[in-house]
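For reference, the structure is listed below as structure tokens.
Proteins come first, then strands; the chains are lettered A, B, ... in the order of their sequence lines, and each starts at number 1.
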Protein chains: 2
Amino acid sequence: MSSTQPPTRIKILTATWNLLEKEETPQVRMSDIAKAAKVSRQAVYLHFENRADLLVATARHLDDVYKIGPTVEALHGLPALERLSGWVGIWGDYIPKVYGVGRALMAMMDGDAEARAAWDDRMSAVRRETGFAIDALAAEGLLCDHMTRDEARDFLWTLLSMRNWAQLRHEAGWSQDRYITHMQAVARRVLLKGAHAQA
Amino acid sequence: MSSTQPPTRIKILTATWNLLEKEETPQVRMSDIAKAAKVSRQAVYLHFENRADLLVATARHLDDVYKIGPTVEALHGLPALERLSGWVGIWGDYIPKVYGVGRALMAMMDGDAEARAAWDDRMSAVRRETGFAIDALAAEGLLCDHMTRDEARDFLWTLLSMRNWAQLRHEAGWSQDRYITHMQAVARRVLLKGAHAQA
DNA sequence: TGTCAACTTTACATGGTGTAAAGTTAAATT
DNA sequence: AATTTAACTTTACACCATGTAAAGTTGACA
């Protein structure tokens, strides 16, 4: 049976995931990954061009495992206010799941053009989705008038960055619940028209 | 005259500064710095223990040149609302001046304990100052009651991070003015009691 | 003349990434 | 049964940046 022993590619991806998941690890090397996957270091290069490529593939693998795409799409029918909070909640709960990989990718960004491009690509997907939530608010006439839609999108997108999550969660010691609740409240307070801002 | 030719240490610091200031440069090496300072690579190690040490010294040098300490202290007498906006404005205008060095230090953080510690140290100073502004608001009864003072401080501190500035300024294309104005407005909207939040 | 500090020059150890190529193994092909 | 092929291992090495080591140069000062 081929299903008893996962194929090498998957073994490498899950090993990468496991290693990056544990916070302590500051610097995960290709040899660490190979060892964890019980595979030679060269086998890794047989499946992935380089370190950046492997990290990106791992990130995509997590997207698959966690079905983030369908989860986000489920929001698209909701009324604007619920959609806003829903999006903040879903993305905010997804961050801790992918933070390890994200962090490794971010660390590579300066100096590695491929890593940079891959990261920007992922983040622009987040930006787009944030924009949809803002558009929904605007469509229902709920968006405040002291910001353009683009400004609103880019502010919220920035607020929801992984770095901010990490700083509040790890440096400031916030609980995950407090993080989510607070971000939802801030989003409403900053983005909505006066009458709805206290909701 | 010893003043016509700046001492080597200063030459190295200003060379580091110049190189890190230009955005394009993704990866500034010790040899680049030495070359720019017209000094041998080894001379750099005569004045600074290692790369992290050099970057930290450069950051402190900028603090000196720009007199950030006294500038911030000038806020301490102001009424809470002006103090809040003043702090957001001063720090927000300081970020672009030190972003090059900050970025290089951030890039070293994972993997270099010394860089990590130095960065955390600098950021905790920002956090403390942010806390003072929050305390002033609380003292005048202006702080909203849906957050503790620590929460308010850590939220604002996070909002004012260099990464957020860079994302809005460079990725989202905001002007420096828009960045400052917006951050001041968000701070008021999120932190102040309902009656004052629209100010 | 001699000493000392600051700097240069040359050389090398280290550690991680990525490349190259020959060797092994087991399953599929004929 | 013999052979081909793909996937993987093993060994070796080039590269590049950091940091260390030590001998040589220079100029000021005593």
Side-chain angles (χ1 to χ4, degrees), chain A residues 1-16 19-20 25-58 101 103-119, chain B residues 1-16 19-20 25-58 101 103-119:
Chain A
M1 309 287 166
S2 69
S3 63
T4 54
Q5 203 65 328
T8 303
R9 192 190 145 87
I10 300 295
K11 285 204 296 185
I12 295 170
L13 288 174
T14 51
T16 306
L19 286 180
L20 290 174
T25 329
Q27 199 85 320
V28 173
R29 291 157 298 189
M30 296 299 266
S31 55
D32 297 327
I33 292 167
K35 192 179 297 177
K38 289 179 183 167
V39 145
S40 75
R41 189 170 71 88
Q42 303 323 308
V44 178
Y45 287 99
L46 247 38
H47 291 268
F48 306 94
E49 284 194 6
N50 49 45
R51 196 168 180 276
D53 188 43
L54 169 58
L55 293 181
V56 172
T58 305
V101 187
R103 189 185 168 192
L105 224 27
M106 286 189 281
M108 284 193 78
M109 267 183 36
D110 313 83
D112 187 309
E114 191 188 343
R116 168 94 203 170
W119 181 255
Chain B
M1 310 291 165
S2 69
S3 63
T4 54
Q5 203 63 329
T8 304
R9 192 190 143 88
I10 300 295
K11 284 204 297 185
I12 295 170
L13 287 175
T14 51
T16 307
L19 286 181
L20 291 174
T25 330
Q27 199 84 322
V28 174
R29 290 157 299 189
M30 295 300 266
S31 56
D32 296 327
I33 291 166
K35 192 179 297 177
K38 289 178 182 167
V39 145
S40 75
R41 190 170 70 88
Q42 303 323 306
V44 179
Y45 286 100
L46 247 36
H47 291 269
F48 306 94
E49 283 194 5
N50 49 46
R51 195 167 180 277
D53 189 43
L54 169 58
L55 293 181
V56 172
T58 305
V101 187
R103 189 184 168 192
L105 224 27
M106 286 191 280
M108 284 193 77
M109 268 183 34
D110 314 83
D112 187 309
E114 191 188 344
R116 168 93 202 171
W119 181 254

Answer with base, sugar-phosphate or nothing: what part of the nucleic acid does B:Arg41 contact at a heavy-atom distance below 4.0 Å?
base

I need the single residue from A:Thr58, A:Val44, A:Val28 that forms a side-chain contact (heavy atoms from CB on, under 4.5 Å) with A:Thr16. Which is it?
A:Thr58

Can you measure B:Ile33 atom CD1 to D:dG19 atom P for me and round it to whole angstrom units?
11 Å

Identify which nucleotide among C:dT8, D:dT9, C:dG18 has an atom closest to any side-chain atom of A:Met30, counting heavy atoms from C-beta outward.
C:dG18

For a quick test of reading the model: is some side-chain N or O of B:His47 closer than 4.0 Å to OP1 or OP2 of C:dA6?
no

Could you work out which one of C:dT9, D:dG19, C:dA20 sits closest to the side chain of B:Ser40?
C:dT9

Provide, to the nearest angstrom, the distance between the OH atom belonging to B:Tyr45 and the C1' atom belonging to D:dA22.
17 Å

Tell me the interatomic distance from A:Gln42, atom CD, to D:dT9, atom P, rounded to whole angstroms.
9 Å

Return the value, rounded to whole Å, for the distance between atom CZ of B:Arg29 and atom P of D:dG19.
14 Å

Counting heavy atoms from C-beta on, name the nucleotide in D:dT9, C:dC7, D:dT20 closest to the side chain of B:Leu46.
C:dC7

Classify the nucleic acid contact of B:Arg9 as base, sugar-phosphate or nothing, counting any heavy atom under 4.0 Å across all strands shown.
nothing

Looking at B:Gln42, I want to see if its CD is surrounded by more than 12 non-hydrogen atoms of other residues, nucleotides or ligands under 6.0 Å.
yes

Considering all heavy atoms, the nearest B:Lys11-B:Ala37 contact
O-CB, 3.7 Å

Output the rounded distance in Å from CD1 (B:Ile10) to P (C:dA6).
15 Å

Considering all heavy atoms, the nearest A:Asp110-B:Gln27 contact:
O-OE1, 4.1 Å

Given DNA chain C, 5'-ward residue of the pair A:Glu49 and A:Gln27, judged by closest heavy atom:
A:Gln27

